[in-house]
**Student:** 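Following this message is one structure expressed as structure tokens.
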Amino acid sequence: MPINRDRLVGSALKLAPRLLGAVLTSEVGGLPVSARITEVEAYEGEDDPASHAFRGRTPRTAVMFGPPGHLYCYFTYGMHWCANIVCGTDGTAAAVLLRGGEIVAGLDTARDRRATARNDSELGKGPARLAAALGLGALTNGVDLCSPLSPVRLEHLPSRRPRGVAAGPRIGITRAVELPWRFWFEGDPTVSRPARSG
DNA sequence: AGGACGATTAACT
DNA sequence: GTTAATCGTCCTC
């Protein structure tokens with residue numbers, strides 16, 4: 001059973017660390033794959049200069065402005081897809097980028113989709129890698145994560161903020177670069193990068 | 001209509 | 001550590 005939608009409503013900054021340890025299950029293409037989320041980033045919307053929603057609603061960002069509990073998938077660098085969980089109330093843009101995950105079911109399918117991975121820790125290590133392992137992309141943009149009928153569902157959201165969580169600046173952005181809005185399980189091999197040294 | 005740039009990754013030296 | 005790959009989106013003429 002997917003989790004209740006009410007548990008995904010609020011600011012991305014508050015939700016992001018609580019998503020660590022949650023399990024996302026995909027059945028795209030009839031092939032089930034599940035990932036335990038190990039790394040995330042918060043994007044707050046129109047007040048966050050680093051957010052896709054900063055310049056307002058566009059066709060691309062429409063899902064971010066829609067109801068919470070849905071998947072926002074976007075295409076970047078001409079070749080990669082990444083996935084977010086929308087958490088703002090309808091009309092408010094806020095979302096949590098999924099940056100890392102441990103594949104806990106459907107390993108054979110994930111290995112097929114991520115043929116360049118040298119070990120299982122790399123299957124979902126990084127936002128585009130995780131999306132690829134789960135089969136997320138154009139066809140899953142906007143899907144409801146809280147419906148039992150959905151091809152992608154969020155399960156097992158921990159009821160309390162987990163232990164062993166580190167925080168630091170978000171990766172790959174050029175604005176609001178210092179805000180410590182990335183959260184990850186310290187020492188987990190499926191996290192894309194360790195904390196910035198220095 | 002044109003162009004710069006990206007919430008990245010893999011393959012190099 | 002550096003750089004090519006590759007194209008949709010959005011800003012600026």
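To find a chain, count down the sequence lines: A is the first, B the second, and so on, and within it residues start at 1.
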**Student:** Going 5' to 3' along nucleotides 3-13 of chain B, which nucleotides have protein heavy atoms under 4.0 Å from the base (write B), which only from the sugar-phosphate (write S), and which from neither (write -)?
**Tutor:** ---BBBSS---

**Student:** Verify the neighbour count for atom CG of A:Asp47: are there more than 12 heavy atoms of other residues, nucleotides or ligands below 6.0 Å?
**Tutor:** no

**Student:** For residues A:Val96 and A:Val23: do they belong to one hydrophobic cluster (side chain heavy atoms under 4.5 Å, members Ile, Leu, Val, Met, Phe, Trp, Tyr)?
**Tutor:** no

**Student:** What's the separation between atom CZ in A:Arg170 and atom CG in A:Leu97, rounded to the nearest 0.5 Å?
**Tutor:** 10.0 Å

**Student:** Going by atom types alone, do A:Arg114 and A:Thr116 pair a side-chain donor with an acceptor below 3.5 Å?
**Tutor:** yes

**Student:** Should the heavy atoms of other residues, nucleotides or ligands under 6.0 Å from CG of A:Leu107 be counted, would the total exceed 12?
**Tutor:** yes

**Student:** Relative to each other, are the rings of A:Phe75 and A:Trp81 parallel, tilted or perpendicular (30° and 60° limits)?
**Tutor:** tilted

**Student:** How does DNA chain B look in dot-bracket notation if pairs are Watson-Crick or G-U with both distances under 3.5 Å, crossing ones as [ ], other-strand ones as |?
**Tutor:** ||||||.|||||.

**Student:** Find the distance A:Trp81:CH2 to C:dC7:P and express it as a whole number of Å.
**Tutor:** 13 Å

**Student:** Do other residues, nucleotides or ligands put more than 12 heavy atoms under 6.0 Å from the CZ atom of A:Arg5?
**Tutor:** yes

**Student:** Starting at CG of A:Leu8, measure out to NE2 of A:His70 and round the result to the nearest 0.5 Å.
**Tutor:** 10.0 Å

